[in-house]
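Working notes, structure below.
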Number of protein chains: 2
Amino acid sequence: MKTMTRKEEIVSVASQLFKEKGYNAVSMRDIAQAMGIKAASLYNHITGKQEILSTLILKVAYEFTSGMSSVLDKPTRPLQKIEDLIILHIDVTVNYSEGLAALNNDWMHLENQDLDAFVKMREDYEANFRSIIKEGIEVGEFKPRHPEVILFSILSTLRTLHLWFQKRGKLDVNVLKKDMVEVLIKGMI
Amino acid sequence: MKTMTRKEEIVSVASQLFKEKGYNAVSMRDIAQAMGIKAASLYNHITGKQEILSTLILKVAYEFTSGMSSVLDKPTRPLQKIEDLIILHIDVTVNYSEGLAALNNDWMHLENQDLDAFVKMREDYEANFRSIIKEGIEVGEFKPRHPEVILFSILSTLRTLHLWFQKRGKLDVNVLKKDMVEVLIKGMI
DNA sequence: AAAATCAACTAACAATCGTTAGTTTTGCAG
DNA sequence: CTGCAAAACTAACGATTGTTAGTTGATTTT
């Protein structure tokens, strides 16, 4: 782990507290105490509480957006793209697990442009995912099921991965990738 | 819809606000305003903000617990039990959609005995679910996949159903049940 | 009609919130 | 050493939080 700027430290410490109690239940004094300083000192490094949240969430959201771009750019078939996206989610979960909790639970506490930017990224991401599924059904690679149900099932699972990964940290990442792809794509029977 | 007591009205109104902004971002004055009264008047019917949350969450948690009991009592095979649990989740989602948001996002803000009771119900529920999956694998009804991954995939999907059900309310409930069972159990290819 | 209960109200409380201003300490470059 | 900037501090602000006390008017019970 490379050396962190003080601001990165604050965002990191805050993200752990946000994960446990949520954005609104964590005070600036809580964050400061976890860093061993006073709340007012935080303002030497950040402009306010909102900046912590938006820095945290938008960084992770960008990872998904750029990951989706990579997947779309490759000339692969729909099934391979879905597999790539599952791997993407697992990798982001492993590397940004703190930020994912905030992204999932506290995105609605973003404000103004940050909120708009996030919502747009999220909608675009879902739309791209949906298109891949629809194309897979059209070319006969997937069963002709309601695309919305497939999209919902996969995304729900992937979005809450961080909860399980921390609880059952014993799960080996590569085993998880393999089994997750199998279960999500081929089902359980 | 039968006539509500005033307390039930408060819990209902509060649950809608909790769903949008989360427990901590909703003030007693917000709840009162949504009911057309003053915050202090709420205390004629409830003992405090905590009671709203615990009433809301524990009612839904009990639905899952008793639903699980029914499924376990029937002398069916593991596959049928899983299908029954999927139906249970969809039914609870339709009938208690507001409470599910609080259960998923704000359970950690419960206190003392309420928190303990909830955590125990949740752990028991997951343990029962896990046992059914393991038995299904043992008797050869399910593929020999990591039980934890199957459990996680199904529960993640079912627990976030309420988010999608409100967004895409056009989805017919019976179509949803059929497709959801198919997708979760048989996969997408 | 009198008495009691209910459910609303006003007013205020102590605590905590995010944030600002002004000051002191720390650590490094010259 | 000296000087300077970075980063900590103390103290306080106005706003909001959940909650309590005491009161009023309406409705129900006796």
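Numbered from 1 within each chain, the chains take letters A, B, ... in sequence-line order.
Atom pair A/Lys38:NZ and C/dC17:C1' shows a separation of 16 Å (rounding to whole Å applied). Atom NZ of A/Lys21 is separated from atom P of C/dT16 by 12 Å (rounded to the nearest Å). One atom, OH of B/Tyr43, and another, P of D/dG18, lie 7 Å apart when rounded to the nearest Å. Atom CD in B/Gln33 sits about 15 Å away from atom C1' in D/dT17, given to the nearest Å. Note: CD1 (A/Ile52) to P (C/dC17) measures 14 Å, nearest angstrom. To the nearest angstrom, C1' of C/dA8 lies 12 Å from CD1 of B/Ile10. Between the CG atom of A/Leu42 and the P atom of C/dG18 there is a distance of 10 Å, given to the nearest Å. We find that NZ of B/Lys7 is positioned 19 Å from C1' of C/dA8, with the value rounded to whole Å.
Within 6.0 Å of the CD atom in B/Glu126, the count of heavy atoms belonging to other residues, nucleotides or ligands exceeds 12.
Ranking D/dC9, C/dT19, D/dA7 by closeness to the A/His45 side chain, first place goes to D/dA7. Between C/dA8, C/dT10, C/dT19, one nucleotide has an atom nearer to the side chain of A/Arg29 than all others, and that is C/dT19. Which of D/dG18, D/dT19, C/dT20 sits closest to the side chain of B/Ser27 comes down to D/dG18. Listed nucleotides C/dT19, D/dA8, D/dA21 differ in distance to A/Ile37; the shortest reach to its side chain belongs to D/dA8.
Here the rule is ring pair (Phe, Tyr, Trp, His ring centres under 6.0 Å) with A/Phe118, and of A/Tyr125, A/Phe64, A/Trp107 only A/Trp107 fits it.
In terms of position on DNA chain C, the residue among A/Asp30 and A/Ala40 whose nearest nucleotide sits closer to the 5' end is A/Asp30.
Residue A/Ser41 places no side-chain N or O under 4.0 Å from the OP1 or OP2 atom of D/dA7. The phosphate of D/dA8 (OP1 or OP2) has a side-chain N or O of A/Arg6 nearer than 4.0 angstrom.
At a cut-off of 3.5 Å, with distance as the only test, no side-chain donor of B/Ser70 or B/Asp73 sits close to an acceptor on the other residue.
For B/Met68 against B/Leu88, the heavy-atom pair with the smallest separation is N-CD2, 4.0 Å.
Under 3.5 Å, the side chain of A/Asn44 and the base of D/dA6 form no donor-acceptor pair of N or O atoms.
In this pair, A/Tyr23 and A/Phe18 present their aromatic rings perpendicular. The plane angle is above 60°, beyond the 30 to 60° band.
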